[in-house]
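Note that the structure is predicted; figures quoted are calculated from it, not measured. Computation of the quantities below employed the complete heavy-atom set of this structure, encompassing side-chain atoms and omitting hydrogens, waters and symmetry-equivalent molecules. Naming convention: chains lettered A, B, ... in sequence-line order (proteins, then strands); numbering from 1 in each chain.
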2 protein chains.
Amino acid sequence: MGVTKSEIFSQSQNDIAQIAKVLGHPARIAILEHIAKVKTCICGDLVNEIGLAQPTISQHLKELKNIGILKGNIEGTSICYCLNNEKWEEIKIVLHQFLNIFSNTSSNCC
Amino acid sequence: MGVTKSEIFSQSQNDIAQIAKVLGHPARIAILEHIAKVKTCICGDLVNEIGLAQPTISQHLKELKNIGILKGNIEGTSICYCLNNEKWEEIKIVLHQFLNIFSNTSSNCC
DNA sequence: TTCTTTTATCGTAATATTGCAATATACAAA
DNA sequence: TTTGTATATTGCAATATTACGATAAAAGAA
């Protein structure tokens with residue numbers, strides 16, 4: 001049905017999935033990588049950098065803002081996007097923790 | 001259009017996004033967490049554990065198999081699923097690396 | 001062989017996502 | 001005010017995803 005049955009999963013499972021889902025598009029990866037590189041925040045440069053239309057970039061930025069990874073500050077006519085460090089650290093912790101669920105034991109497979 | 005323009009992104013960006021996308025559903029997180037817990041591999045137990053129908057679980061397992069996270073071995077009537085350690089280590093490296101793109105500098109925001 | 005169990009696949013319905021043109025909004029400059 | 005610039009929103013088309021019932025396929029048990 002295209003709709004995820006979030007109710008049957010734990011908060012933690014939904015959280016991990018939500019973070020991963022937002023990172024699950026190359027345009028959003030490209031946006032984050034570019035912001036990481038240029039340090040000081042960007043806006044419509046992303047439209048030139050990445051080959052997508054302005055509304056499309058704007059939509060991806062919105063999703064990154066929605067879960068708190070990015071924050072946008074109005075700077076004159078343009079909007080300056082940059083990383084929300086606190087959220088990024090939180091995401092790192094959540095994902096690191098998840099990625100380590102298999103690490104405590106050696107591979108015992110069938 | 002629902003279709004991602006993968007061509008305009010780098011291999012690395014597509015790879016990261018593809019991994020994240022597969023992890024972007026709570027059912028697949030739940031499946032991985034359960035396999036991590038029970039060590040030795042499971043099959044239809046997941047249907048009981050998680051509250052989804054058997055075809056739905058089977059579909060999620062397929063996606064996890066497709067990118068190589070899980071492998072399934074036939075064991076009598078049932079199929080035994082388990083982690084592909086090599087792939088998981090690879091995923092860990094890829095994601096760790098990506099999660100650290102912001103770590104080298106302090107926050108300078110607008 | 002037939003029955004049972006287990007998992008995969010097919011088909012379908014409902015919803016979500018991606019992408020963009022058109023348009024709206026906000027604000028600074030002339 | 002009008003003009004230009006930058007970004008967001010709306011509306012839509014195309015495709016993808018999620019979920020499940022029905023069914024198929026595979027293999028052991030009776």
*Of the non-hydrogen atoms in B:I67 and B:I91, which two are nearest, and what is the gap between them?*
CD1-CD1, 4.5 Å
_Nearest heavy atom decides the nucleotide; on that basis, is A:T56 or A:S6 closer to the 5' end of DNA chain D?_
A:T56
*Name all pairs fulfilling the salt bridge (charged side-chain N to carboxylate O under 4.0 Å, His left out) condition that reach into residues 80-90 of chain A, sequence neighbours left out, sorted by first residue then second.*
A:K87-A:E90, A:E89-A:K92
*Enter the distance from B:S6:OG to B:Q18:CD here, rounded to the nearest 0.5 Å.*
9.0 Å
_How would you summarise protein contacts on nucleotides 21-30 of chain C per nucleotide, using B for base, S for sugar-phosphate only and - for none, with heavy-atom distances below 4.0 Å?_
BB-----S--
*Rounded to the Å, how far apart are A:I67 CD1 and C:dT17 C1'?*
16 Å
*Please give, in whole Å, the distance from D:dG28 C1' to B:I79 CD1?*
14 Å
*Given atom NE2 of A:H60 and atom P of D:dT9, what is their separation to the nearest angstrom?*
15 Å
_Quick check on C:dT7: is either OP1 or OP2 less than 4.0 Å from any side-chain nitrogen or oxygen of B:K62?_
no
*Assess whether atom CD1 of B:I74 is packed by more than 12 heavy atoms of other residues, nucleotides or ligands within 6.0 Å.*
no
*Which one, D:dA8, D:dA19, C:dA8, comes nearest to the side chain of B:Q59?*
D:dA19
_Whole angstroms only, please: what is the CG-P distance between B:L70 and C:dA8?_
11 Å
*Who pairs with B:Q13 by side-chain hydrogen bond (donor to acceptor under 3.5 Å, both in side chains), at least two apart in sequence or on another chain?*
A:E33, B:S10
*Could you check how far CD1 of A:I57 sits from P of C:dT17, rounded to whole Å?*
18 Å
*A:F98 side chain near A:I19 side chain, heavy-atom distance below 4.5 Å*: no
*Got a sec? Which of residues 13-31 of chain A come in under 4.0 Å of DNA chain C, heavy atoms?*
A:K21, A:H25, A:R28
*D:dA8 P sits how many Å from A:E75 CD, rounded?*
14 Å
*Look at A:S58 and D:dA8 and indicate whether a side-chain polar atom (N or O) is within less than 4.0 Å of OP1 or OP2.*
yes
*B:K65 side chain, from C-beta outward: closest of C:dC20, C:dA8, C:dT15*: C:dA8
*Taking only residues two or more places apart in sequence or in another chain, which ones pass side-chain hydrogen bond (donor to acceptor under 3.5 Å, both in side chains) with A:T77?*
none
Mind listing the side-chain donor-acceptor pairs of residues 48-65 of chain A below 3.5 Å, one per line with the distance, residues two or more places apart or on another chain?
from, atom 1, to, atom 2, distance (Å)
A:H60, ND1, A:R28, NH1, 2.9
A:E63, OE2, A:R28, NH1, 3.2
A:K65, NZ, A:Y81, OH, 3.3

*Pairwise 5' ranking along DNA chain C for A:T4 and A:L52, keeping only the more 5' one*: A:T4
*Could you state the atom-to-atom distance from CG of B:N48 to P of C:dT6 in whole Å?*
10 Å
*Which heavy-atom pair separates B:N14 from B:F9 by the least distance, and what is that distance?*
ND2-O, 3.5 Å
*Whole angstrom is fine here: how far is it from NZ in A:K5 over to P in C:dA16?*
15 Å
